[in-house]
Amino acid sequence: MDHNFIAALKDVAQGSGRITILTGAGISAESGIPTFRGPEGYWTVGSQEYQPQEMATYRMFGQQPDEVWKWYLYRIGICAKAAPNAGHLALVEMEKLFGSRFTLITQNVDNLHIQAGSSLKNTFQIHGNIFYMRCADECTRKVHSVPNSLTAGKAREEELTESELELLVCRNCGKRARPHVLWFDEIYNEHYYRYQSSLSVAAETELLIVVGTSGATNLPNQVAWVAKSRDSIIVDINIEENPFSNLALKSRRGFFIKEPSSTALPRILHILKN
């Protein structure tokens, strides 16, 4: 890490500006969770194969709700077996260090940030959390945990039993529940996905660290561009070049760290602490 980068981090640490972290699938991949956009994400219904972008939609849930739940319970099983890595833990320590100056915005639905110790107050789960569900008919806006008996997950394409289906219902009205995630054919909102809050934080950010994301979704891109527009320091951590690394390198105060987050974030934490 070069001198200019270290100096910029130290200036932020000694100041009073806001520090925002934006994480994507890359940090979870280092814990062994596939991105599900590759072969792991494909799903067979009868003789038809579906891509993740087709499975993770409100439209598919309306047509094949049991198949969508089978897919999500399979994913829950994979997430449940994973553990937070050094990158997750470094962000927990960063939050402890900076308190209310710190915000974590994550696209990941795997709960690893919360499991690591990041607070719900300062963690915006902008795509939801796979371990929660809510009423599909929106009879209430409350979100509930997926029943414990289902959080171990299911084998790939394993059929749901009647007793399992009886658990996947709204606790308020008794009708079908849905996974608490943002689907590809849905839009962000504040209540479930902290849309306005994320943009407000971006508008006050002095240091934005983007971790392991490819820029494929809308709100993360908005957050980065808002930060750039106010001349924030932008740091992109990724194992390959991407739209955020390009944005960082085009910024007056931007840096690209081409390495895994599990090594880069602990080193950044060390600089910020010292």
Side-chain angles (χ1 to χ4, degrees), residues 21-29 31 33-37 41 43 52-62 65 67-80 82 84 88 91 103-116 118-148 150-151 153 167-172 175-199 201 211-223:
I21 314 295
L22 173 62
T23 66
I27 192 170
S28 296
S31 288
I33 297 179
T35 64
F36 292 98
R37 288 178 183 266
W43 198 256
Q53 294 90 331
E54 298 170 297
M55 290 300 299
T57 64
Y58 186 83
R59 181 174 180 270
M60 179 63 85
F61 185 78
E67 288 295 331
V68 171
W69 265 118
K70 282 165 58 180
W71 189 62
Y72 274 98
L73 290 174
Y74 165 66
R75 294 183 64 187
I76 282 175
I78 292 175
C79 294
H88 294 100
L91 293 178
T103 303
L104 169 59
I105 301 173
T106 184
Q107 302 166 73
N108 300 332
V109 301
D110 50 47
N111 202 51
L112 287 182
H113 283 299
I114 306 304
Q115 186 180 339
S118 293
S119 74
L120 288 172
K121 178 182 178 182
N122 293 331
T123 304
F124 297 174
Q125 299 178 87
I126 62 170
H127 290 169
N129 187 315
I130 200 171
F131 289 93
Y132 288 81
M133 63 185 194
R134 66 181 197 260
C135 182
D137 287 348
E138 298 281 350
C139 80
T140 176
R141 301 180 84 184
K142 290 183 179 179
V143 175
H144 300 285
S145 300
V146 170
N148 288 336
L150 297 176
T151 56
L167 294 174
L168 296 171
V169 297
C170 171
R171 297 178 188 175
N172 186 59
K175 294 182 180 179
R176 190 179 290 273
R178 57 164 284 176
H180 175 53
V181 294
L182 179 68
W183 282 328
F184 284 100
D185 55 354
E186 296 181 313
I187 60 173
Y188 293 99
N189 61 50
E190 174 64 18
H191 179 76
Y192 292 131
Y193 307 116
R194 307 301 296 274
Y195 176 73
Q196 285 84 6
S197 293
S198 296
L199 295 179
V201 163
V211 183
T213 184
S214 61
T217 52
N218 180 265
L219 181 54
N221 282 289
Q222 290 189 60
V223 167

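Positions are given from 1 along the sequence. Please read all numbers here as calculations on a predicted model, not as lab measurements. Note: hydrogens, waters and symmetry copies are ignored here, and every other heavy atom, side chains too, is used.
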* List the atom of Arg134, the atom of Val181, and the distance in Å for their closest heavy-atom pair. => NH1-N, 4.3 Å
* Asked: Got a donor-acceptor contact below 3.5 angstrom from the Asn129 side chain to the Gln125 backbone?
  -> no
* Structure fact -> Applying side-chain hydrogen bond (donor to acceptor under 3.5 Å, both in side chains) to Ser197 and not counting sequence neighbours gives Glu190
* Quick one: sort the Tyr132 and His180 rings into parallel, tilted or perpendicular, breaks at 30° and 60°. => perpendicular
* List the atom of Ile130, the atom of Ile76, and the distance in Å for their closest heavy-atom pair. => O-CD1, 3.3 Å
* Asked: So Tyr74 and Trp43, would you call those rings parallel, tilted or perpendicular, with 30° and 60° as cut-offs?
  -> tilted
* **Sidechain-backbone polar pair: Thr123 side chain, Leu120 backbone, donor-acceptor under 3.5 Å** => no
* Asked: Is a side-chain N or O of Asp110 found less than 3.5 angstrom from the main chain of Cys79, in a donor-acceptor match?
  -> no
* Is the side chain of Asn108 donor-acceptor paired with the backbone N or O of Gly24 at a distance under 3.5 Å, no angle test? -> yes
* **Ala116 versus His88, closest heavy-atom pair with distance** => CB-CB, 3.8 Å
* Asked: With sequence neighbours left out, what residues match Arg194 under side-chain hydrogen bond (donor to acceptor under 3.5 Å, both in side chains)?
  -> none
* List for me each residue that meets side-chain hydrogen bond (donor to acceptor under 3.5 Å, both in side chains) alongside Asn218, sequence neighbours excluded, and say none if there are none. => Gln222
* Ignoring hydrogens and geometry, is there a side-chain-to-backbone donor-acceptor pair from Trp69 to Ala177 under 3.5 Å? -> yes
* **Pair His127 + Tyr193: ring centers closer than 6.0 Å** => no
* Does Lys142 offer a backbone N or O that forms a donor-acceptor pair with the side chain of Thr140 under 3.5 Å? -> yes
* **Any donor-acceptor pair under 3.5 Å from Ser145 side chain to Pro147 backbone** => no
* Has the side chain of Asn189 got a donor or acceptor atom that lies under 3.5 Å from a matching backbone atom of Tyr192? -> yes
